[in-house]
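Keep in mind that the numbers below use all heavy atoms, side chains included, and drop hydrogens, waters and symmetry copies. Reminder, nothing fancy here: chain letters follow the sequence lines and each chain counts from 1.
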Protein chains: 2
Amino acid sequence: MAVPTAALTEDNEDDIGELADIIGFHIRLAHVAVYRHFTETFADLDLTQKQVSVLWLVDDHPAISQIDVGRRLQMDRATTMTIVNRLQDRDYLRRERSESDGRKQALHLTDEGRAALARAKTAIAEHEAWLKSRFSAEEAEKLVEMLARIHE
Amino acid sequence: MAVPTAALTEDNEDDIGELADIIGFHIRLAHVAVYRHFTETFADLDLTQKQVSVLWLVDDHPAISQIDVGRRLQMDRATTMTIVNRLQDRDYLRRERSESDGRKQALHLTDEGRAALARAKTAIAEHEAWLKSRFSAEEAEKLVEMLARIHE
DNA sequence: TATTGTTATACTCTATAACTATA
DNA sequence: TATAGTTATAGAGTATAACAATA
């Protein structure tokens with residue numbers, strides 16, 4: 001052959017060389033692609049993935065504490081604060097003092113928050129369909145399982 | 001049955017409920033875990049993953065333009081600027097006017113930049129080993145291939 | 001003493017908009 | 001007109017440090 005396959009891809013305009021062998025690099029690029037699709041397609045939602053995750057978790061676990069939300073979503077206390085603050089400013093959730101432990105805040109969704117979450121879930125279903133279209137059912141399951149091995 | 005399996009896991013302290021079925025959610029958590037491991041373990045490097053990616057790419061493609069770096073790493077022009085600026089401030093790379101196209105900057109690593117990249121590559125090898133320890137060789141390959149389907 | 005929430009602060013990544021220089 | 005770089009600006013996520021209230 002006059003031109004080996006390697007040479008054909010090496011000068012490709014999108015070539016990233018040895019970086020392509022780094023798992024962490026692909027995770028970051030995939031994350032950016034997913035984040036971008038979510039925000040671009042659902043700009044009218046005006047909720048980030050993280051904000052939706054918090055709403056979702058509070059809906060699943062009413063009266064959950066901030067520290068608990070942070071632990072489940074792998075966030076710092078201060079990081080959790082900023083997100084809960086934003087959601088509270090928009091009247092999507094409210095803080096109550098926990099009855100069992102005065103140090104804790106008990107988080108609850110407002111009706112508006114529940115409505116926003118419902119809209120978000122519809123959007124996420126579309127988003128997931130976009131994502132899953134690349135994979136067979138077995139592949140999707142395997143992917144989730146492997147990603148979980150990383151973050152668990 | 002008195003207690004279905006679902007109920008057993010539902011009250012787990014780390015349970016995230018239906019969120020666990022969302023691929024995008026796992027990608028984000030995995031990304032955070034990888035990012036955190038990288039920054040915590042290699043704080044003395046004082047380089048972010050993104051900064052290393054740019055150094056790496058400039059080393060692989062001397063005289064590459066900023067717009068080209070951005071395209072390959074899927075970043076905006078302005079985003080690329082801020083990263084190149086930081087690296088230039090630290091004398092890790094320099095800008096030259098492109099000879100072929102006066103609009104473009106040709107990026108080159110300095111000796112310091114090459115030294116920093118060499119240190120970074122050693123660190124990344126360790127980081128990758130940490131990551132890959134979870135997977136068989138076939139699994140790692142499959143994971144990269146699936147992630148590439150998302151960001152390509 | 002330890003935990004939870006809070007506030008202040010800072011840095012990185014990301015992006016949009018407007019401008020300049022060059023093609 | 002289109003492209004590449006630049007500058008200004010802003011928002012989201014992340015984190016550390018210090019403090020207050022509660023356990």
Enquirer: With no hydrogens and no angle check, is any side-chain donor or acceptor of Arg119(B) less than 3.5 Å from a backbone partner on Leu45(B)?
Expert: no
Enquirer: Give me the one residue out of His61(B), Gln66(B), Glu96(B) that meets side-chain contact (heavy atoms from CB on, under 4.5 Å) with Leu107(B).
Expert: Gln66(B)
Enquirer: Just how far, in rounded Å, is P of dT14(C) from CZ of Arg86(B)?
Expert: 10 Å
Enquirer: Could you tell me the separation between the CG atom of Asp76(A) and the P atom of dT9(C), rounded to a whole number of Å?
Expert: 18 Å
Enquirer: For DNA chain D, determine which residues of residues 40-60 of chain A have any heavy atom closer than 4.0 angstrom to one of its atoms, and list them numerically.
Expert: Thr48(A), Lys50(A)
Enquirer: Would you list the pairs meeting ring pair (Phe, Tyr, Trp, His ring centres under 6.0 Å) in which at least one residue belongs to residues 96-127 of chain A, sequence neighbours left out?
Expert: His37(A)-His127(A), Phe38(A)-His127(A), His127(A)-Trp130(A)
Enquirer: So, Glu128(B) side chain and Gly24(A) main chain: donor-acceptor pair closer than 3.5 Å or not?
Expert: yes
Enquirer: In chain order, what residues pass the side chain to side chain donor-acceptor pair (under 3.5 Å) check against Lys142(B), with sequence neighbours excluded?
Expert: Glu139(A)
Enquirer: Please state how far atom CD in Gln88(B) lies from atom P in dG5(D), giving the value in whole angstrom units.
Expert: 13 Å
Enquirer: Using a cut-off of strictly less than 4.0 Å between a heavy atom of the residue and any atom of DNA chain C, enumerate the qualifying residues of residues 27-39 of chain A by number.
Expert: Val32(A), Arg36(A)
Enquirer: So if I define the base as every atom that isn't primed, P, OP1 or OP2, how would nucleotides 3-8 of chain C read as a B/S/- string at a heavy-atom cutoff under 4.0 Å?
Expert: BBBBB-
Enquirer: Please check this pair: side chain of Arg97(B) against backbone of Gly102(B), looking for a donor-acceptor N/O pair closer than 3.5 Å.
Expert: yes
Enquirer: Rounded to whole angstroms, how far apart are CD on Glu99(B) and C1' on dT22(C)?
Expert: 16 Å
Enquirer: Salt-bridge test for Asp46(A) and Arg90(A): reply yes if a basic N is under 4.0 Å from a carboxylate O, no otherwise.
Expert: yes
Enquirer: Is it true that Asp89(B) and Arg86(B) make a salt bridge, defined as a side-chain N closer than 4.0 Å to a carboxylate O?
Expert: no
Enquirer: Tell me whether Ser98(B) contacts the main-chain N or O of Gln105(B) through its side chain, where contact means a donor paired with an acceptor under 3.5 Å.
Expert: no
Enquirer: Would you mind listing the cluster partners of Tyr35(B)? Hydrophobic ones only (ILVMFWY), side-chain contacts under 4.5 Å, chaining allowed.
Expert: none
